[in-house]
Protein chains: 2
Amino acid sequence: MVRVGLTTERLVQAGAELADEVGFDQVTVSALARRFDVKVASLYSHLKNSQDLKTGIALLALEELADRGAAALAGRAGKDALIALANVYRDYAAEHPGRYAAAQLRLTPEAAAASAGSRHSQMTRAILRGYDLTEPDQTHAVRLLGSVFHGYVSLELAGGFSHSAPDSQETWTRILDGLDALLRNWPAP
Amino acid sequence: MVRVGLTTERLVQAGAELADEVGFDQVTVSALARRFDVKVASLYSHLKNSQDLKTGIALLALEELADRGAAALAGRAGKDALIALANVYRDYAAEHPGRYAAAQLRLTPEAAAASAGSRHSQMTRAILRGYDLTEPDQTHAVRLLGSVFHGYVSLELAGGFSHSAPDSQETWTRILDGLDALLRNWPAP
DNA sequence: ATCATTTGCCTAAAAACTTTAGGCAAATGC
DNA sequence: GCATTTGCCTAAAGTTTTTAGGCAAATGAT
């Protein structure tokens, strides 16, 4: 009986790869066990249950996204920063569709609190420092940017913008132009 | 042996109710059979498979949403129309979270073609008639509005905006003000 | 009204996934 | 070298999906 060296870390990591290959909803404890050439029950020493695995993948994706965002924002401000962060989300979703889907998982309040969620809103707030917004408008703008990034990326991932002109990249650029213009000229109530 | 009168219609309808009650991913052929107090295999005379049920719920939700949208747009134009359609999505998601989740299901190309998807983009285009946009900017704007509506509603549904000031309704209003301003002043490339 | 046909829900059964319980052997530590 | 811990195992029960074939109820023709 050879020990493969399973750990929660490795399982979550492999689960994330599996998600990118076959889709997040196809990620199962059984499939993961097959991938390690190990019996299913063995995974339950490292995972509480299958939900635990999915939550782990979601948290991993949120961390990776936040790391990429932080790297992209370093040394940038204003529209430059806006575009950089927006592209982090879009590119990550394109590279890692399964992980991106995982990041959309409805987390329990505890898991959400332990997640990189707050790093994400902090990054968006950082971008807004380049614009002239004060509270509560800044919060409104944080929510708008989150909505556009997430909404656009998930519609694009769902194939909503393919097979029709103009191409998606063109729209993306123009939408970011639009958001920049809007943030520079945020209407009073 | 009493006949319950199962039909694909009734099953999809009940599946939609189930989705709203327990969440779309908890919708299963077994659960549906229990709800009708009928054996599971009996449903397979009316449903090709479990994916078929989910697709049916998604198509139902897209139709219902399009119907509500059409009703809301009747007799409205400009910002008034924008707000009306936006609220259709938001209110529908609040009333029918399971159906709304279903509407996000990745459809096969055939199912997508048979869906109310095109009605949705047509409605958004109708709104833009009140603004001064020509192609391809109109398409960019259609995609922006779709992204914001979908993005905001799903983040809100995921609980992203609860438990923090300002409240979600306030942000929603201000975002729609912002979109209206942006559409009236869409930046050139 | 009777009989044939169709239809609707049934039982049975196989395959896949989830999860728990308990066991043995390998790794670890004294 | 031995005791303990740890890691992966077998076994087994429960749930879901899906197919195949059967019987009874509804439908419709004579």
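Reminder, nothing fancy here: chain letters follow the sequence lines and each chain counts from 1. Every heavy atom of this structure was used, including side-chain atoms; hydrogens, water molecules and symmetry mates were not.
- At a threshold of 4.0 Å, the pair A:E135-A:R125 counts as salt-bridged, since one of the basic side-chain nitrogens sits closer than that to a carboxylate oxygen.
- OP1 or OP2 of C:dC9 lies within a sub-4.0 Å distance of a side-chain N or O belonging to B:H46.
- Across D:dT16, C:dT20, D:dT18, the shortest atom-to-atom separation from the side chain of B:S50 is found for D:dT18.
- Distances shorter than 4.0 Å separate some side-chain N or O of B:T28 from OP1 or OP2 on D:dT17.
- Across the protein-nucleic acid pair, A:L32 atom CG and C:dA16 atom P stand 18 Å apart, rounded to whole Å.
- The phosphate of D:dT5 has neither OP1 nor OP2 within less than 4.0 Å of any side-chain N or O from A:R3.
- Separating the CZ atom of B:R34 from the P atom of D:dG14 is a distance of 15 Å, rounded to the nearest angstrom.
- Both B:L128 and B:F149 sit in one connected hydrophobic cluster of ILVMFWY residues. Membership requires side-chain heavy atoms under 4.5 Å apart, directly or through other members.
- A straight line from CG of A:L43 to P of D:dT6 spans 19 Å, rounded to a whole angstrom.
- A residue-by-residue look at B:T7 and A:K48 shows that B:T7 has its nearest nucleotide of DNA chain C further toward the 5' end.
- Summarising the geometry, the separation between CD on B:Q51 and C1' on D:dT18 is reported as 14 Å, rounded to the nearest angstrom.
- The nearest whole Å value for the distance from the CD atom in B:E9 to the P atom in C:dG8 is 14 Å.
- At least one side-chain nitrogen or oxygen of A:S30 sits closer than 4.0 Å to the OP1 or OP2 atom of C:dT18.
- Evaluation of the salt bridge (Lys or Arg N to Asp or Glu O under 4.0 Å) rule for A:K79 yields A:D177 as partners, not counting sequence neighbours.
- Of the listed nucleotides (C:dC9, D:dA20, D:dC9), D:dA20 has the atom at the smallest distance from the side chain of B:A41.
- Between C:dT7 and B:S45, no contact under 4.0 Å exists linking OP1 or OP2 to a side-chain N or O.
- Using a 4.0 Å heavy-atom cutoff across all strands shown, A:V40 reaches at least one base atom of the nucleic acid.
- Crowding of B:E9 atom CD: a count of heavy atoms from other residues, nucleotides or ligands under 6.0 Å not exceeding 12.
- Residue B:S42 places none of its side-chain N or O atoms closer than 4.0 Å to OP1 or OP2 of C:dG8.
- Here the C1' atom of nucleotide C:dC17 and the CG atom of A:L47 are 14 Å apart, to the nearest Å.
- The side chain of B:N49 lies closest to D:dT18 when the candidates are C:dC17, D:dC8, D:dT18.
- Checked against the 6.0 Å centroid threshold, B:Y92 and B:H96 count as a close aromatic pair.
- Per the geometry, NZ belonging to B:K39 stands 16 Å off C1' belonging to D:dG22, to the nearest Å.
- Counting to the nearest Å, the C1' atom of C:dT20 and the OH atom of A:Y44 are 10 Å from each other.
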